[in-house]
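Throughout, a chain's letter reflects where its sequence line sits, starting with A, and its residues are numbered from 1. When reading the values below, keep in mind they use all heavy atoms of this one structure, side chains included, and skip hydrogens, waters and symmetry mates.
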There are 2 protein chains.
Amino acid sequence: MNILLIEDELRVADFIRRGLKAEGWVVEHAGDGETGLDIIRDRKFDVIILDLMLPGISGQQVCQKLRARLNKTPVMMLTALDSTDERVSGLRLGADDYLPKPFDFDELIARVSALHRRATGYASNGDEGKLQHQGLVYDSAAMVLTVDGVVVELSAKERELIAILMASKNKALSRERILNSVWGTHEDPMTNVVDVYIGRLRKKLGPYGQLIATVRGAGYRFG
Amino acid sequence: MNILLIEDELRVADFIRRGLKAEGWVVEHAGDGETGLDIIRDRKFDVIILDLMLPGISGQQVCQKLRARLNKTPVMMLTALDSTDERVSGLRLGADDYLPKPFDFDELIARVSALHRRATGYASNGDEGKLQHQGLVYDSAAMVLTVDGVVVELSAKERELIAILMASKNKALSRERILNSVWGTHEDPMTNVVDVYIGRLRKKLGPYGQLIATVRGAGYRFG
DNA sequence: ATTGGCTATGAATATCCTGTTGATCGAAGA
DNA sequence: TCTTCGATCAACAGGATATTCATAGCCAAT
C-alpha cells in the first residue's frame, strides 16, 4: 500500500511514518500542502493522510483542490482541534475520515486500512477481507496467514506479497507490478527483492509453496 | 501486442514503457505528435497510448488526423487535465478510452488490454480474455495454455505466438506479421525463428498441432 | 548509549532454460 | 525432375531464476 503523508511537524511525521512502515506500507512525506499537491499530480496513492494545520495552504484547502481535480484518493484528516465543527467541515470538503490528535496508533492503522478496503471495494460480505485457496487462508484484517490451520508468522512485506498474490489468483503478475504494489517503487527494476521474497514465501507455505508458479519471462502466478 | 506510446515527458514515457514491457508487450515510443503519425503511417499497432499535452500538434489533433486517415487503431488518451470537458471532447475526436493522470498502473494495463480485447473480438462472455478452439484454451491473464484440460508449459515467445495465432483464427498470417507482433522487429526477414517456433508449438499442442496449417508462400493459419 | 535480534535489501553464485542460428533433410509445386 | 520452400535438429550463448550470504537499518530492552 502506498501512502502520502502531508504533515509539517517533522517529529510527528517521522513517528507516523515509522509506524506505517512497520505495517509494510510505503510512505511518502510532504512537508506542506503545495508539495503534497505537486506529488499527487504525478503519482497515485492508495490513501492520503493529511494534517489540518499546515504552513501555507491549509489541509482543508488541499483536500478541496484535490477533489476539484476529480482525484478520488481516500483522505484521512488529522487535527489537533477537537471541535466537531472542524470535523464536519472537513468531511464536507471531501475528506473520507477524520482522526483527532492525539490518537491511538492502532486506531490510525485500522482506519487507514478500512479506508483502503472501502476504496478498493473489498467483498463486504461475511468473509470480510479473507482470501482463501485450498488449505491456505489469509485474513487481511487480522493480517494472519494460516496454512492448514496453523498460523505462520510473516513479515510485513511477506504479508503484502501473499495478499496481492492471492487477491489476483490465476493471474500472472509481472515483477514490476508486484514491485509497484508492494514496494511502491516506480524505478530501479534491477533489484531482485521480489525473487528473494517469493523464495521465502514458498518456503513458508510448505506444501502449498508450489502454488506460486513462476511464469518464465513474465513473472509469477498464484493458484 | 504492439503498442505505440506518444508522450513527450521522458520520465513518464519511460515509466510507462517499462511497465508495459513487463507485461510482455512491445512498445514503440514517439516524443511528439508528428513523429507518432509518421510511425503509424508505416506500421500497424494494436493500441496507441496518446498523451493529450504534446509539443507541436496536440493529442486531440493527432487523434483526429489518425481517424481522418481511416485508421481504426484503438486509442487510449492520457491527460493531466482535470475537467470532464476534455474527456468528452477527447472521446468525440475518436479516442476509445480515456485515463486521467495520475493513474494507477494496474488500471492502465487493465484498460489497455480491454481495448485490445474489444478490437480483436475476444470472447466477451464470462471467459474474459480466454481464447478457445476445441480442446485448446489459452488464458491470456493467467498466461496458461491448456490442451484437453492439461496445462502445457510454454516459453514467453511461444505464449505470444499461440496468442496471436488463436486471436486471428482462420486468417493467414505472414511471417513478417508474426515477426512484427511477437519479436517486434520489422526488418531482417532472413531468419527462420518463426518456423522453429511454429514447429515447437505444433509439438506441444499434440493432436491439435495440425490446427496450425502452413500456407505455402504466405505464412501460417490457425483454425 | 549499547546490545541483540530481526527485517529488508543488494550482491554473488550457480543452475537451468530460452532464443537463435545454420545446416540438413523432406515435401510440394512447376 | 528440378527447384524452392518449409520442417527439423543440434548446439551454443546469453538470459532468467533460485538461492545463499553479507550488510545495513531499525526497534526494543537493557
**Report entry** Worked verdict on A:Val152 versus A:Thr146 for side chain to side chain contact (heavy atoms under 4.5 Å, CB included)
**Finding:** CA-CA 6 Å; A:Val152 173; A:Thr146 302; over 6 Å; no
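Going from atom CD of A:Gln210 over to atom CZ of A:Arg202 covers 10.0 Å, rounded to the nearest 0.5 Å.
Between the base of C:dT20 and the side chain of B:Arg200 there is a donor-acceptor pair shorter than 3.5 Å. A donor-acceptor contact under 3.5 angstrom links the side-chain atoms of B:Asn192 to the base of D:dT8.
Put simply, B:Arg216 has no side-chain N or O that comes within less than 4.0 Å of OP1 or OP2 on D:dG6. For A:Trp183, a side-chain nitrogen or oxygen approaches OP1 or OP2 of C:dT9 to under 4.0 Å. Note on A:Thr214: every side-chain N or O is 4.0 Å or more away from OP1 and OP2 of D:dA16. OP1 or OP2 of C:dG19 sits under 4.0 Å from a side-chain N or O of B:Ser155. When the side-chain nitrogen and oxygen atoms of A:Lys157 are compared with OP1 and OP2 of C:dC6, none of them lie within a distance under 4.0 Å.
With respect to the salt-bridge test (charged N to carboxylate O, under 4.0 angstrom), the residues B:Glu153 and B:Lys204 do not qualify. Ion pairing between A:Arg17 and A:Asp14 holds under the 4.0 Å rule for side-chain N and carboxylate O.
Distance B:Lys204 NZ to C:dC17 C1': 10 Å, rounded to the nearest Å. Rounding to whole angstrom units, OH of residue A:Tyr197 and C1' of D:dT19 are separated by 15 Å. For B:Asp195 and D:dC9, the CG to P distance is 14 Å, given to the nearest whole Å. Regarding A:Asp14, its CG atom lies at a distance of 15 Å from the P atom of D:dG25, rounded to whole Å.
With C:dG29, C:dT7, D:dT17 as the choices, the nucleotide that has an atom nearest any side-chain atom of A:Tyr220 turns out to be D:dT17. Listed nucleotides D:dG6, C:dG22, D:dG15 differ in distance to B:Val196; the shortest reach to its side chain belongs to C:dG22. Listed nucleotides: C:dT9, D:dA16, D:dG6. Nearest to the side chain of A:Arg175: D:dA16.
A donor-acceptor pair under 3.5 Å is absent between the side-chain atoms of B:Asp139 and the main chain of B:Lys130, judged by distance alone.
Looking at heavy-atom distances under 4.0 Å, A:Ala22 makes no contact with the nucleic acid at all. In this structure, A:Arg202 reaches the sugar-phosphate backbone alone: every heavy-atom distance under 4.0 Å involves primed, P, OP1 or OP2 atoms, never a base.
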